[in-house]
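What's counted below: heavy atoms across the whole structure, side chains too, no hydrogens, waters or symmetry copies.
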Amino acid sequence: MITETSSHYDHLEQMSVHELLTNINKEDKTVPLAIEKAIPQIETLVIQIVKRMKEGGRLIYIGAGTSGRLGVVDASECPPTYGVPHDLVIGLMAGGDGAIRKAVEFAEDDAEQAWKDMAPYHPDKLDTVIGIAASGRTPYVIGGLNQARAAGLLTGCVVCNPGSAVAQAAEFPVEVVVGPEFVTGSTRMKAGTAQKLVLNMISTSVMIQLGRVKGNKMVDMQLTNIKLQDRAAKMVMSEINVTREEAEALLAKYGSVRAAVDSFNR
């Protein structure tokens, strides 16, 4: 497997800190180029996701280890950023929520568990399941995709090896081949970076297509801290030319930039 082939570098323990950082950075620079080659695959997947989500579908990520955690991170950031319900984008990982902080032994080897983890959400044919797996051979992900596909759900994946079992299980695979890791087999590095960037691209593009961005602003973001409240006030002030006090009053009453601006324009 590409992600487990030997590093381009050896005797890492003999490198200086400067050499380590420079060489890691050199490898990291190759990741966006690998993603660029996969943009047609990403585009096709996003178009299919948007089509279903506009009809009420959801987006579900499944993965194990670093891959699973990245899916959970992406899903968890959608509600505060775009003001969507917490069950619109769902992140599930082998071993459950406890595995986010501490590895659960052999959890990724259960090919039946991913579908069981999806069951409480009552998945249906409008939903999309994206399997995330650096190696492309994780049983948890393969099993989940196979069962989701058999049930009529749309299936996609993000993998970092070509021609993998995970890609074969998905209707719309995204293969970002990043090559050997700096530390052989440490797929939290280039593979993890690639997966994070691709998930950013998928969820951001989907949310924009669903109308959750106006211009370039997060007009539906949740105002959950002082920084975001300040940003929202400035957005309202700029959009409808009101004072700071008026903007804050509108936000306090309506709860979001979009609602505040819409109320003023009615």
Side-chain angles (χ1 to χ4, degrees), residues 42-43 45-63 68-93 97 100 117-118 120-130 132 153-154 156 158 174 195-266:
I42 302 169
E43 179 182 4
L45 176 57
V46 168
I47 289 170
Q48 293 296 325
I49 295 169
V50 170
K51 187 186 304 182
R52 285 160 177 78
M53 293 188 79
K54 282 184 175 180
E55 296 179 17
R58 297 163 297 177
L59 177 58
I60 304 170
Y61 296 130
I62 58 172
R69 294 182 187 100
L70 289 170
V72 170
V73 167
D74 196 73
S76 66
E77 290 175 348
C78 287
T81 305
Y82 300 109
V84 297
H86 285 276
D87 61 353
L88 186 69
V89 183
I90 301 162
L92 301 173
M93 71 174 293
D97 287 352
I100 295 172
D117 290 343
M118 285 183 255
Y121 297 94
H122 306 290
D124 64 36
K125 294 181 180 180
L126 289 177
D127 296 333
T128 300
V129 177
I130 295 181
I132 313 167
L153 281 70
L154 179 75
V158 181
V174 174
Q195 290 170 331
K196 171 60 177 167
L197 292 175
V198 171
L199 294 178
N200 285 349
M201 294 167 75
I202 291 172
S203 59
T204 302
S205 299
V206 166
M207 291 298 155
I208 292 171
Q209 290 286 300
L210 293 178
R212 291 289 173 169
V213 171
K214 184 177 181 181
N216 57 18
K217 302 295 194 301
M218 300 180 292
V219 293
D220 292 319
M221 64 182 178
Q222 295 177 356
L223 310 183
T224 53
N225 59 47
I226 293 174
K227 176 190 72 176
L228 295 180
Q229 291 173 351
D230 177 66
R231 180 185 299 169
K234 291 175 180 176
M235 289 166 62
V236 172
M237 291 165 64
S238 173
E239 187 70 22
I240 58 177
N241 193 28
V242 295
T243 65
R244 175 82 183 209
E245 292 72 20
E246 289 171 323
E248 290 177 346
L250 287 169
L251 288 167
K253 182 175 181 179
Y254 293 102
S256 75
V257 173
R258 183 192 299 273
V261 171
D262 287 350
S263 71
F264 187 85
N265 289 330
R266 282 201 295 269

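- Of the candidates Lys214, Met235, Met218, Met235 is the only one forming a side chain to side chain contact (heavy atoms under 4.5 Å, CB included) with Val257.
- With respect to the salt-bridge test (charged N to carboxylate O, under 4.0 angstrom), the residues Lys51 and Glu55 do not qualify.
- One finds a salt bridge joining Lys234 and Asp230 here, because a Lys/Arg side-chain nitrogen approaches an Asp/Glu carboxylate oxygen to under 4.0 Å.
- Atom CD of Gln229 and atom CD of Gln222 lie 12.0 Å apart (nearest 0.5 Å).
- Side-chain contact between Ile130 and Ile60 is absent, with no heavy-atom pair separated by less than 4.5 Å.
- With a 4.5 Å cut-off on side-chain heavy atoms, Ile49 and Ile47 do not count as touching.
- A search for side chain to side chain donor-acceptor pair (under 3.5 Å) contacts involving Thr204 returns nothing, not counting sequence neighbours.
- In this structure, CG in Leu223 is found 6.0 Å from CG in Leu251, a value given to the nearest 0.5 Å.
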Candidate pair Tyr61 and Val72, rule side-chain contact (heavy atoms from CB on, under 4.5 Å), full reasoning: CA-CA 7 Å; Tyr61 296 130; Val72 170; over 6 Å; no
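- Note that CG of Leu153 is 9.5 Å distant from NZ of Lys125, once rounded to the nearest 0.5 Å.
- The shortest side-chain heavy-atom distance between Ile62 and Asp117 does not fall under the 4.5 Å cut-off.
- The CG atom of Leu88 sits 11.0 Å away from the OG atom of Ser203 when rounded to the nearest 0.5 Å.
- Nearest approach of Ala75 to Pro79, heavy atoms of both residues: O-CD, 3.2 Å.
- Side-chain atoms of Thr128 and Gln48, non-hydrogen and from C-beta on, never get closer than 4.5 Å to each other.
- Looking at Thr243 and Glu246, their side chains come closer than 4.5 Å, going by heavy atoms from C-beta outward.
- Within the 4.5 Å cutoff, side-chain heavy atoms of Asn200 are placed close to those of Lys196.
- Judged by distance alone, the side chains of Tyr121 and Asp87 never bring a donor and an acceptor atom under 3.5 Å apart.
- In this structure, CE on Met207 lies 10.5 Å from CG on Asp220, to the nearest 0.5 angstrom.
- Salt bridge Glu239/Lys217: absent, no basic N to carboxylate O contact under 4.0 Å.
- Using a 4.5 Å cut-off on side-chain heavy atoms (C-beta onward), Leu154 and Val129 make no contact.
- A heavy-atom distance below 4.5 Å is not found between the side chains of Ile132 and Leu70.
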